[in-house]
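Inspection log for the structure reproduced underneath, given as structure tokens.
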Amino acid sequence: MISLYDTLSGEVRPLELREPGRVDMYVCGPTVYDHPHLGHARSALTYDVLRRYLEWRNLEVRHVSNVTDIDDKIIERARREGRTESEVAAEWEAVYFDVMGRLGVLEPHERPRATEWVDDMVGFIGRLMEADAAYVTPSGVYLRVRDVPDYGDLVHRSLDDLRASAGARVEVDEAKEDPLDFALWKAAKPDEPSWPSPWGPGRPGWHIECVAMSLAILGEGFDIHGGGNDLVFPHHTNERAEALAAGQTFAGHWMHNAMLNIDGQKMAKSLGNYRTVEELLLEHPDNARAFRLLVLQTHYRKTMEVTPDLLASARAAVQRLDALARRLKAASTEGNAVEPALAECVESSLDPGPGSSVPHGVTERGSIVLSDGDLEEWRTAAEGTAEGFSAEPVSPRHQRRFCAAMDNDLRTPLALTEVFTLVRRANTAFDAASPDGRIYAAMAIELAKSLGLMDEGAEPAADSGDAEIEDLVARRQAARDARDWATADSLRDELSALGVVVEDTPNGPIWHRA
RNA sequence: GCGCCGGUGCCCGAGCGGACCAAGGGAACGGCCUGCAAAGCCGUAAAGCCGCGGGUUCAAAUCCCGCCCGGCGCUCCA
């Protein structure tokens, strides 16, 4: 049973799926006109982790995320650069997905572009007009907010309250019936791209695209609608109003991630502490995973801090995971992956309890290296019957706690606790030359993978320098065997000059790039 | 002004009524391991009793009231 905080009801509620076994989620994506910043990254990572976890629990996820490729900012940039809006949007859309990909964010299954769905939006507005929920003014088509039942429910504010602050910052269009009414369709202005409509040429208002596309692609009552918490009002409130006014059932669950602070202050261009993801990635090769870890170490509904120190600390933690992965690899005799069997073990300890509507288990994952014997041992160990093993039932217990934490509104900081506890147990067991080491290590890595913390096709594949390095490592080992420390140390210096770190283990030396 | 969210050790950050837990990560220091390292493990005491002041309770970091401080939102915004 997986529960998530629902902004609308204001409480953590079980995720009731429209269709058992499948989760349909729509997440508000970027407006593509500039470099993606760390805030975009946090948001994308939040939903990436949700998706990965749901999939890891064997749910089929359909993840849709829009690309807003027409709006004021894009028009402005296009004008400034003397290009077309679609050129600007195409450029930044490519940058966005490239950057997110480098952060390990899985691509949404569908990423509809607003400009390709204008017909649907026009159709949707047409239905609102027919229902007399909207009206036309010289500047466009507006939704009549006062007729929408429970308009302010998502922000938990009354209509009067909202009305009181409406216009406080933005000039109110006198033609509107009510200051809260918002544009569904903006009448074309000179030199702006426009599309035809029954109300004259123009372009869609901000909110209509998400309603039209989410309902068209996922259908009524889809499971989760997500985005940053700055979208709760007005964006999501207005999307919801449009859907309600059209008589359509909208999202079942509203999910919002919190913002982030840089060096203790909100990140803003005006404060000069605006950080792009590209800068982050350039700074250090491990920053992609370090940032993900940082995101995971803070609950998604809480403002997170980003400072150079925190990033460095997260990098150290990530390296700890990598070190364990190397240890596991070195300790595994033959590289025969027996993945499905391990998955079975994992699944056996994932029992969500009676009455759960959520299927459980794990999807197939590659690259955990264990022998068949290990698995058998693990299984019996889990039953607490095998001699020489103490891993039981500790390992499954950590996993259960991990799932319990994740199931309870994605408490990733708590879930990580289990991962790192497993890491320590694994290392302790390895130190003691206990067979438990591989079990703990495999489990720790499996859990880390479910959060996207371990690179998928892990093995970076031998590159050209490897033969040379292997040779140096071997010669150093030979020198050590001959107790020729001077030679051994100078060879280690050579390796370190190549950016290679050697670690001596009971199973012989292993090395990795720093 | 209205609404919301936080204030826990050197830093980040769990815990949200009692137990194994004030978790986990990072930093620092000491020790073990090591030919030396790296990695790893172990330990760190009397000023962390959980922003401050009251209250509820047999029992509160956890609930209630007030106050102080910080952050965010109120149609640009992840």
Side-chain angles (χ1 to χ4, degrees), chain A residues 10 27-31 36-47 71-73 76 152 155-158 160-162 164-170 172 179-183 206-207 226-235 237-238 256-261 264-269 293-294 296-299 301-307 309-320 322-324 326-327 401 405 411-421 423-424 426-432 480 483-486 488-489 492 496 501-505 509-512 514:
Chain A
V27 179
C28 282
T31 298
H37 58 239
L38 297 189
H40 293 114
R42 182 191 193 181
S43 190
L45 284 166
T46 298
Y47 298 99
D71 96 326
D72 294 347
K73 293 253 175 74
E76 187 192 315
V155 258
H156 300 286
R157 303 197 50 187
S158 71
D160 287 342
D161 213 14
L162 288 166
S165 50
R169 284 194 177 187
V170 172
V172 176
L180 284 179
D181 292 350
F182 58 89
W206 180 25
H207 322 298
N229 72 188
D230 54 341
L231 296 180
V232 173
F233 186 85
H235 187 48
T237 292
N238 288 347
H256 295 96
N257 61 278
M259 306 288 100
L260 61 75
N261 286 167
Q265 282 187 303
K266 85 175 250 200
M267 182 177 72
K269 280 182 174 169
L293 185 69
L294 222 47
L296 290 167
Q297 278 177 328
T298 306
H299 184 72
R301 285 191 285 121
K302 197 170 166 181
T303 305
M304 72 178 267
E305 297 291 334
V306 181
T307 67
D309 281 359
L310 288 172
L311 273 170
S313 127
R315 263 183 253 128
V318 160
Q319 277 157 15
R320 201 164 140 77
D322 288 347
L324 182 67
R326 287 194 298 272
R327 237 183 148 170
R401 284 188 186 163
R411 298 213 121 57
T412 51
L414 236 197
L416 280 175
T417 280
E418 300 305 326
V419 175
F420 282 101
T421 300
V423 169
R424 186 168 17 80
N427 279 318
T428 303
F430 277 132
D431 283 353
R480 293 186 70 225
R483 308 191 75 76
D484 178 359
W485 310 128
D489 287 348
R492 185 164 64 199
S496 123
V501 178
V502 194
E503 296 169 3
D504 295 323
T505 79
I510 57 182
W511 62 272
H512 66 99

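In this text the structure is predicted, and so the values were computed from the model without any measurement.
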For this session: Choose from B:rG13, B:rG24, B:rG40 the nucleotide whose nearest atom is closest to any side-chain atom of A:T417.
Result: B:rG24
Problem set entry | Any strand: nucleotide that pairs with B:rC2 via Watson-Crick or wobble, under 3.5 Å | B:rG73
Problem set entry | Distance (rounded to the nearest 0.5 Å) between A:L260 CG and A:M304 CE | 5.5 Å
Problem set entry | Residue closer to the 5' end of RNA chain B, A:R492 versus A:N427 (nearest nucleotide) | A:R492
Exercise. In the strands shown, is B:rA39 matched to any nucleotide by a Watson-Crick or G-U wobble pair with both distances under 3.5 Å, and which?
Worked result: none
Problem set entry | Identity of whatever pairs with B:rC67 - Watson-Crick or G-U, under 3.5 angstrom | B:rG51
For this session: If B:rA28 has a Watson-Crick or G-U wobble mate with both distances under 3.5 Å, name it; if not, just say none.
Result: B:rU44
Seminar exercise, completed: Closest of B:rA39, B:rG15, B:rA78 to the A:R411 side chain is B:rG15
Seminar exercise, completed: Separation between OG1 (A:T412) and CG (A:L293), nearest 0.5 Å, reads 9.5 Å
For this session: Report yes or no: do A:S43 and A:N257 form a side-chain donor-acceptor pair below 3.5 Å?
Result: yes
Problem set entry | Whether A:H235 and A:H207 hold their rings parallel, tilted or perpendicular, with breakpoints at 30° and 60° | tilted
Exercise. Taking any strand in view, what nucleotide pairs with B:rA14 in a Watson-Crick or G-U wobble way, both distances under 3.5 Å?
Worked result: none
Seminar exercise, completed: Contacts of A:A488 and A:F420 projected onto RNA chain B by closest heavy atom; the upstream (5') one is A:F420
